[in-house]
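The analysis underlying the following values was restricted to heavy atoms, covering all of them including side chains, and did not include hydrogens, waters or symmetry mates.
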Amino acid sequence: MTTNELALSSDLPTLTAEINAYKRVAGEAIFEIGVRLKEVRDTPHRYGLEGYRDWERWCEDECDITRQHANRFIKVADELGTSGFRDAALGIRALYEIATLPPEERTRGHTLSSGATKAPDEMTVRELREVKAALKAEREAREEAERQRSKAESDYETVRDTLESMRDQPPKVEYVL
């Protein structure tokens, strides 16, 4: 029997349950991989590595994981390891996008450009990136509004101080003949 001829159930609900169970196992593995990568990265001497560069080499040579991917696994484990996301059947890309959301945005619903409202664990990677871009634009707009408010306040104080200093001085009148 070849790989393509595995004895699979012909029952769709059974196949669906099996797929979802394997997705959960894969999701759990993402967290466990992240924890272990972090352990070796943070204490390389304990494992016979000289430092960060050795860790990077070890990741690529022994684990077939790039530094960038290893850091994503670690970010996911650090940010989401104790959350309900650990049980979610999400891939590393979606989990990484969620892990890089502000903590208060990870569990609330977000309205997408399609009009749908979804929680981050229900979104595709593309939708998560859309939400992150919208949150960034919103933050930048708030920061710009704050800068404008601060400038207006400063301009007001300058005008007020100028008017007050003029009030204390007698008017200068020059007659030209």
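Salt-bridge annotation for R93 and E97: absent, with no side-chain N of the basic residue lying under 4.0 Å from a carboxylate O of the acidic one. Between E157 and R160 there is no salt bridge, since no side-chain nitrogen of the basic residue lies less than 4.0 Å from a carboxylate oxygen of the acidic one. Remark: R142 does not engage E146 in a salt bridge, criterion side-chain N to carboxylate O under 4.0 Å. Using a cutoff of 4.0 Å between basic side-chain nitrogens and carboxylate oxygens, D54 and R57 are scored as salt-bridged.
In this structure, CD in E122 is found 10.0 Å from CG in L112, a value given to the nearest 0.5 Å. The structure places CD of Q148 at 11.5 Å from CG of D155, a figure rounded to the nearest 0.5 Å. Annotation: the span from Q68 atom CD to Y96 atom OH amounts to 7.5 Å, rounded to 0.5 Å. Expressed to the nearest 0.5 Å, how far CD1 of I92 lies from CZ of R72 amounts to 8.0 Å. Residue L37 holds its CG atom at 11.5 Å from CD of E32, rounded to the nearest 0.5 Å. With rounding to the nearest 0.5 Å, the separation of CG in L12 from OG1 in T16 is 4.0 Å.
Residues I33 and I30 form no side-chain contact, since every pair of their non-hydrogen atoms from C-beta on lies 4.5 Å or further apart.
V76 and V40 fall within a single hydrophobic cluster, where Ile, Leu, Val, Met, Phe, Trp and Tyr are joined by side-chain heavy atoms under 4.5 Å apart, directly or via other members.
Side chain of E127 to backbone of T124: a donor-acceptor contact under 3.5 angstrom is found. Proximity of a side-chain donor or acceptor of T43 to a complementary backbone N or O of E39 within less than 3.5 Å is detected. In terms of modelled atom types and a separation under 3.5 Å, the side chain of R139 and the main chain of L135 share no donor-acceptor contact. Between the side chain of E130 and the main chain of S113, a donor-acceptor pair closer than 3.5 Å is present. Side chain of W55 to main chain of D42: no donor-acceptor pair is present (N/O by atom type, distance under 3.5 Å, no hydrogens or angles).
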Determine, step by step, whether R147 and K151 satisfy the side-chain contact (heavy atoms from CB on, under 4.5 Å) criterion, reporting the C-alpha distance in whole Å, the side-chain angles of both residues, the deciding distance to 0.1 Å, and the verdict.
CA-CA 6 Å; R147 276 192 295 277; K151 183 179 179 336; over 6 Å; no
Before giving the answer on side-chain hydrogen bond (donor to acceptor under 3.5 Å, both in side chains), spell out for E18 and T14 the whole-Å C-alpha distance, their side-chain angles and the decisive distance to 0.1 Å.
CA-CA 6 Å; E18 290 172 349; T14 301; over 6 Å; no
Step by step, work out the side-chain contact (heavy atoms from CB on, under 4.5 Å) result for N71 and I74.
CA-CA 5 Å; N71 285 325; I74 292 168; 4.1 Å; yes
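Here the closest non-hydrogen pair linking W58 and L49 is CB-CD1, 4.1 Å. In terms of heavy atoms, P44 sits closest to R41 at CD-O, 3.3 Å. Nearest approach of L101 to P120, heavy atoms of both residues: CD1-CG, 4.0 Å. Residues I98 and R106 come closest through the heavy atom pair O-NE, 3.3 Å. Here the closest non-hydrogen pair linking A77 and F31 is CB-O, 3.8 Å. Annotation for E60 and R67: closest pair OE2-N, 3.9 Å, computed over non-hydrogen atoms.
At most 12 non-hydrogen atoms from other residues, nucleotides or ligands lie less than 6.0 angstrom from CG of D64. A 6.0 Å sphere centred on OH of Y22 holds no more than 12 heavy atoms belonging to other residues, nucleotides or ligands.
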